[in-house]
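One structure is given here, and the rest of the page talks about it.
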Amino acid sequence: MSFKNILSINLGRPEGMKKVIIFLGPPGSGKGTQAKIIAAKHNYAHISTGDLLRALKDKVPLSAEESDALERVEAGQLVSDELIYALVFDEIETSLARGQGVVLDGAIRNVAQAKAYQKFFEGKQLGDEVIVISVALDDDEALKRISGRRICRQCGAIVPVGSSQVRCPTCGGELRIREDDDPTILKERIRVQGNQALVPILAYYTNLGVVRSVDGGRGIVEVGQAIEKVLEN
Ligand code: AMP
């Protein structure tokens with residue numbers, strides 16, 4: 001089944017499925033692709049902090065904080081926690097108010113953020129509605145996957161390395177290499193967002209008993225099936 005077909009299936013939310021699905025994984029683990037698939041399939045809002053930050057490029061005028069954030073994104077560094085909250089909490093509120101669950105993609109990059117989101121969800125009586133999907137992949141494999149992958153200019157779909165696609169398989173848009181997939185910047189991203197950085201975040205959520213880990217080393221469909229299984233149980 002093609003990625004486009006996977007995205008077009010909307011099955012709604014199965015009974016018992018948590019309302020807040022948090023994806024964790026190193027850059028290149030495939031968490032963004034899987035987050036999009038799950039959101040489309042169950043009509044959840046897909047909230048990617050990376051996408052929200054990249055969208056700032058089109059904003060005029062930019063505040064000093066926002067331009068600093070864009071520079072940090074281009075350098076592969078984390079942006080301030082405060083800006084992340086300002087971008088994301090409103091989005092989450094809006095989706096929840098519509099009765100939609102949320103899939104958070106890349107939204108949590110350190111323990112302070114994990115705690116702030118948990119407090120936010122507990123404040124909405126959604127503390128028990130959080131599940132964390134950890135897409136496990138070692139940093140070397142993640143690096144290999146990112147080097148050479150392409151992104152659709154139009155819809156943001158990720159086209160894996162080695163694919164002979166000339167246009168985006170989802171929307172037909174033009175493909176390009178993401179600026180922060182440049183090898184030097186990539187090293188920095190893996191340093192600040194790779195497996196070592198994930199250890200304390202995973203420890204925090206493991207302590208809450210909400211982490212489910214899936215092997216990210218398999219193909220898109222197999223990883224997706226593994227995620228579906230853990231979400232339904
Ligand atoms: P992503 O598209 O998730 O790989 O994110 C792209 C870039 O946005 C990251 O390399 C960071 O510079 C920044 N970013 C995204 N999410 C966060 C976050 N939760 N905290 C801090 N920086 C973030």
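Read the numbers this way: they start at 1 and go in the same order the structure lists the ligands and their atoms.
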- Query: Should the pair Lys124-Glu93 be classified as a salt bridge under the 4.0 Å nitrogen-to-oxygen rule?
  - Reply: yes

- Message: The test is ring pair (Phe, Tyr, Trp, His ring centres under 6.0 Å); show your working for Tyr117 and Phe89 and say whether it passes.
- Response: CA-CA 8 Å; Tyr117 280 85; Phe89 286 159; 5.3 Å; yes

- Query: Just going by heavy-atom distances, which of Leu52, Leu53, Asn110 is nearest to atom 13 (C) of ligand 1?
  - Reply: Leu53

- Message: Geometry only, no angles: is Ser48 polar-contacting ligand 1 at N/O separations under 3.5 Å?
- Response: no

- Message: I want to know if ligand 1 touches Arg109 in the polar sense, i.e. an N/O pair below 3.5 angstrom.
- Response: yes

- Item | NZ (Lys229) with more than 12 external heavy atoms under 6.0 Å | no

- Item | Donor-acceptor contact below 3.5 Å, side chain Gln34 vs main chain Gly30 | no

- Message: Looking at non-hydrogen atoms alone, which of Gln193, Glu71, Arg72, Arg178 comes nearest to atom 4 (O) of ligand 1?
- Response: Arg178

- Message: Just to be sure I'm reading this right: ignoring hydrogens, which of Gln113, Lys31, Glu74 gets closest to atom 20 (N) of ligand 1? Compare them by their nearest heavy atoms.
- Response: Gln113

- Per the side chain to side chain contact (heavy atoms under 4.5 Å, CB included) rule, which among Leu175, Val159, Asp181, Ile177 passes with Arg149? Asp181

- Query: Against heavy atoms of Val73, which atoms of ligand 1 measure under 4.0 Å?
  - Reply: 7 (C), 8 (O), 12 (O), 13 (C)

- Item | Nearest neighbour in protein (non-hydrogen) for atom 18 (C) of ligand 1 | Ile84 CD1, 3.4 Å

- Message: Quick check against the 3.5 Å criterion: does Ser29 have a side-chain atom that pairs as donor or acceptor with the backbone of Gly216?
- Response: no

- Any side-chain donor paired with an acceptor under 3.5 Å for His42 and Glu228? yes

- Item | Atoms in ligand 1 flagged as close to Arg189, the criterion being non-hydrogen separation under 4.0 Å | 4 (O), 10 (O)

- Query: Can you tell me which residue and heavy atom of the protein come closest to atom 6 (C) of ligand 1, and the distance to 0.1 Å?
  - Reply: Arg54 NH1, 3.4 Å

- Has Ala107 got any heavy atom lying under 4.0 angstrom from an atom of ligand 1? yes

- Query: Which atoms of ligand 1 have any heavy atom of Thr49 under 4.0 Å away?
  - Reply: 15 (C), 16 (N), 17 (C), 19 (N)

- Using a strict cut-off of 4.0 Å, indicate which atoms of ligand 1 neighbour a heavy atom of Gly50. 1 (P), 2 (O), 5 (O), 6 (C), 15 (C)

- Message: Can a side-chain donor-acceptor contact be found between Asn195 and Asp138 if the only test is distance below 3.5 angstrom?
- Response: no

- Lys/Arg N to Asp/Glu carboxylate O, Glu122 vs Lys119, below 4.0 Å: no

- Under 4.0 Å, heavy atoms only, figure out whether ligand 1 is touched by the backbone of Val79, its side chain, both or neither. both

- Task: Considering only NZ, NE, NH1 and NH2 on the basic side and carboxylate oxygens on the acidic side, decide whether Glu174 and Arg153 come within less than 4.0 Å.
- Result: yes

- Message: As an exercise, identify every atom of ligand 1 less than 4.0 angstrom from a heavy atom of Gly106.
- Response: 16 (N), 17 (C), 18 (C), 19 (N)

- Query: Atoms of ligand 1 less than 4.0 Å from Gln77 heavy atoms?
  - Reply: 11 (C), 12 (O)

